[in-house]
Chemist: 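The structure under discussion is supplied below as structure tokens; questions concerning it will follow.
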Amino acid sequence: MAELCLAQDPAADELLSQSSLALLIGMLLDQQYPLEHAFRGPKKIADRMGGLDIHRIAAADTAEFEELCATPPAIHRYGRSMARRIQELARFVIEHYDGEVAAIWTSGDPDGAEVLRRLKALPGYGDQKARIFLALLGKQLGVQPAGWETAAGAYAEPGSRRSAADIVDAETLLEVRAFKKQQKAAKKS
């Protein structure tokens with residue numbers, strides 16, 4: 001995998017760069033919470049569990065996993081509810097992809113529309129989050145199934161600063177944040 005810079009923290013970004021599970025969880029956490037903090041969540045879980053293992057997460061006692069995720073510094077503003085979502089996501093990936101996260105975008109040589117469909121089927125992933133993740137795969141990780149740009153929509157635009165898919169350093173994080181702020185202001189007016 002490529003070297004990502006989403007968490008703006010070297011150790012957290014290293015985990016995101018090496019683990020498809022960490023990246024999937026980070027994107028799940030990217031809602032109602034500053035993006036870079038969301039992408040630091042998987043590292044917090046890994047540190048507290050002695051690694052990031054999809055089977056251990058799925059099998060963990062729910063109350064204990066909630067506590068692990070909510071303990072300061074929490075993985076998210078809503079640590080307990082996000083812990084439940086992470087476990088649901090882990091169980092889904094185990095059930096549908098034998099626990100192999102990358103199979104979501106590699107199994108059966110899918111095209112971009114199929115990868116998008118698979119991402120949208122994930123617990124906690126709606127249409128927009130799925131398109132952003134697909135754009136992240138295409139723009140930064142070289143995962144570019146046929147038609148991925150069309151499936152990802154505007155998030156695939158070269159040089160855009162719309163989402164996590166466009167963040168490669170601290171400057172682009174600020175540019176994405178400014179774009180999102182501009183979009184929110186436009187919706188209010």
Chemist: Do you know which two heavy atoms are closest between Pro110 and Val115, and how far apart they sit?
Modeler: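 Residues Pro110 and Val115, closest heavy atoms: CG-CG2, 3.6 Å.
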Chemist: For Arg84 and Thr62: C-alpha separation, side-chain torsions, deciding distance, then whether side chain to side chain contact (heavy atoms under 4.5 Å, CB included) applies.
Modeler: CA-CA 7 Å; Arg84 291 189 297 274; Thr62 302; 4.2 Å; yes
Chemist: If we count only N and O atoms by modelled type, under 3.5 Å, do the side chains of Lys139 and Ser163 hold a donor and an acceptor together?
Modeler: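 Not at all, the side chains of Lys139 and Ser163 share no donor-acceptor pair under 3.5 Å.
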Chemist: Answer yes when Arg161 and Glu171 have at least one side-chain N-carboxylate O distance shorter than 4.0 Å, and no when they do not.
Modeler: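 Answer for the salt bridge query: no.
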Chemist: Do the side chain of Ser81 and the main chain of Tyr78 share a donor and acceptor less than 3.5 angstrom apart?
Modeler: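 A pair under 3.5 Å: yes.
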Chemist: Are there more than 12 heavy atoms of other residues, nucleotides or ligands under 6.0 Å from atom CD of Glu100?
Modeler: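 For Glu100, atom CD is not crowded (no more than 12 foreign heavy atoms under 6.0 Å).
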Chemist: So which heavy atom on Ile57 is nearest to which on Ala90, and how close?
Modeler: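 Between these two residues, the closest heavy atoms are CG2-CB, 3.9 Å.
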Chemist: Less than 4.0 angstrom from a charged side-chain N to a carboxylate O is my criterion; do Glu88 and Arg91 meet it?
Modeler: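 Answer for the salt bridge query: no.
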Chemist: Report the distance from atom CD1 of Ile45 to atom CZ of Arg48, rounding to the nearest 0.5 Å.
Modeler: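 Output value for this atom pair is 8.5 Å.
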Chemist: Which heavy atom in Ser20 sits nearest to a heavy atom in Ala102, and how many Å separate them?
Modeler: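 Scanning both residues, the minimum pair turns out to be OG-CB, 4.2 Å.
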Chemist: Restricting to non-hydrogen atoms, name the atom on Leu16 and the atom on Ala22 that form the minimum distance, rounded to 0.1 Å.
Modeler: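 The answer is CD2-O, 3.5 Å.
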Chemist: Can you tell me how far apart CD (Gln32) and CZ (Arg77) are? Round to the nearest 0.5 Å.
Modeler: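 So the CD of Gln32 and the CZ of Arg77 are separated by 7.0 Å.
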Chemist: Side-chain contact test, heavy atoms from C-beta onward, threshold under 4.5 Å: evaluate it for Leu23 versus Val101 and give yes or no.
Modeler: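 When only atoms from C-beta onward are counted, Val101 and Leu23 do not touch, as no gap falls below 4.5 Å.
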Chemist: Do Lys129 and Gln31 come close enough that some side-chain heavy atom pair is under 4.5 Å?
Modeler: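 With C-beta onward as the side chain, the pair touches.
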Chemist: Okay, side chain of His76, backbone of Leu29: is any donor-acceptor separation there less than 3.5 Å?
Modeler: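 A pair under 3.5 Å: yes.
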Chemist: So, the side chain of Thr172 versus the backbone of Val168: is there a donor-acceptor pair under 3.5 Å, distance only?
Modeler: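 Indeed, once roles are kept as given, a pair shorter than 3.5 Å links the two residues.
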Chemist: Would you say the side chain of Ser17 lies within less than 4.5 Å of the side chain of Leu141, judging by non-hydrogen atoms?
Modeler: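 SC-SC contact between Leu141 and Ser17 ruled out.
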Chemist: Have a look at Phe133 and tell me which of Trp148, Tyr155, Trp105 forms a ring-ring contact (aromatic ring centres under 6.0 Å, His included) with it.
Modeler: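 Filter result, single survivor: Trp105.
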Chemist: Keeping the roles fixed (side chain from Arg131, backbone from Ala151), state whether a donor-acceptor pair exists under 3.5 Å.
Modeler: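 Yes, the answer is positive, given that a donor and an acceptor are paired below the 3.5 Å cut-off.
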Chemist: Working to the nearest 0.5 Å, report the span between CG of Leu134 and NZ of Lys120.
Modeler: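 Leu134 atom CG to Lys120 atom NZ measures 11.0 Å (nearest 0.5 Å).
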Chemist: Side-chain contact test, heavy atoms from C-beta onward, threshold under 4.5 Å: evaluate it for Phe39 versus Gln8 and give yes or no.
Modeler: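 A side-chain contact under 4.5 Å is absent here.
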Chemist: Does Met49 share a hydrophobic cluster with Leu21, counting links as ILVMFWY side-chain heavy atoms below 4.5 Å and allowing steps through other members?
Modeler: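 Met49 and Leu21: one cluster.
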Chemist: Can Glu14 and Lys43 be counted as an ion pair, charged N to O under 4.0 angstrom?
Modeler: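 Answer for the salt bridge query: no.
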Chemist: Check for a donor-acceptor pair, side chain of Tyr125 on one end and backbone N or O of Leu24 on the other, with a separation under 3.5 Å.
Modeler: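 Checked: pair present.
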Chemist: CD1/Ile167 to CG/Leu4 distance, rounded to the nearest 0.5 angstrom?
Modeler: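 CG of Leu4 is found 10.5 Å from CD1 of Ile167.
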Chemist: Checking Asp13 side chain against Ala7 main chain: does a donor-acceptor pair fall under 3.5 Å?
Modeler: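 Flag set: sc Asp13 to bb Ala7 pair under 3.5 Å.
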Chemist: Given side chains that start at C-beta, do those of Glu36 and Leu173 come closer than 4.5 Å, heavy atoms only?
Modeler: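 Yes, close enough: below the 4.5 Å cut-off.
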Chemist: Is it the case that the side chain of Gln140 and the backbone of Ala165 share a donor-acceptor pair, with hydrogens and angles ignored and the cut-off at 3.5 Å?
Modeler: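 Yes, because the side chain of Gln140 sits within donor-acceptor range (under 3.5 Å) of the backbone of Ala165.
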Chemist: Examine Leu119 and Tyr97 and state if one hydrophobic cluster contains both, with Ile, Leu, Val, Met, Phe, Trp and Tyr joined whenever side-chain heavy atoms are less than 4.5 Å apart.
Modeler: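 Yes, Leu119 and Tyr97 fall within the same hydrophobic cluster.
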Chemist: Using side-chain heavy atoms (C-beta onward) and a distance below 4.5 Å, is Gln182 in contact with Phe179?
Modeler: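 When only atoms from C-beta onward are counted, Phe179 and Gln182 do touch, with a gap below 4.5 Å.
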Chemist: Is there a side chain to side chain contact (heavy atoms under 4.5 Å, CB included) between Lys44 and Asp47? Walk through the geometry before answering.
Modeler: CA-CA 5 Å; Lys44 292 175 186 173; Asp47 289 347; 5.8 Å; no
Chemist: Between CG of Leu137 and CD of Gln144, what distance do you get to the nearest 0.5 Å?
Modeler: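 Those atoms lie 10.0 Å apart.
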Chemist: Can you tell me if Gln183 has over 12 outside heavy atoms packed within less than 6.0 Å of its CD?
Modeler: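 Above 12, so yes.
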Chemist: Are Leu35 and Tyr33 in one and the same hydrophobic cluster, where Ile, Leu, Val, Met, Phe, Trp and Tyr link if side-chain heavy atoms are under 4.5 Å apart?
Modeler: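 In one cluster: no.
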Chemist: Quick check: closest heavy atoms across Leu28 and Met82, and the distance to 0.1 Å?
Modeler: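 Smallest interatomic distance, heavy atoms only, reads O-CE, 3.7 Å.
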Chemist: Working to the nearest 0.5 Å, report the span between CG of Leu6 and CZ of Arg40.
Modeler: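 Answer rounded to 0.5 Å: 11.0 Å.
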Chemist: Any non-hydrogen side-chain atom of Ile86 less than 4.5 Å from a side-chain atom of Leu89?
Modeler: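 No, side chains not in contact.
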Chemist: Could you please spell out the steps behind the side chain to side chain contact (heavy atoms under 4.5 Å, CB included) verdict for Val143 and Leu136?
Modeler: CA-CA 9 Å; Val143 176; Leu136 177 63; over 6 Å; no
Chemist: How close do Ala12 and Asp9 get, heavy atom to heavy atom, and via which atoms?
Modeler: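 Result for this residue pair: N-OD2, 2.9 Å.
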Chemist: Is Arg80 close to Glu67 at the side-chain level, that is, under 4.5 Å between some pair of heavy atoms?
Modeler: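 Touching, per the 4.5 Å side-chain cut-off.
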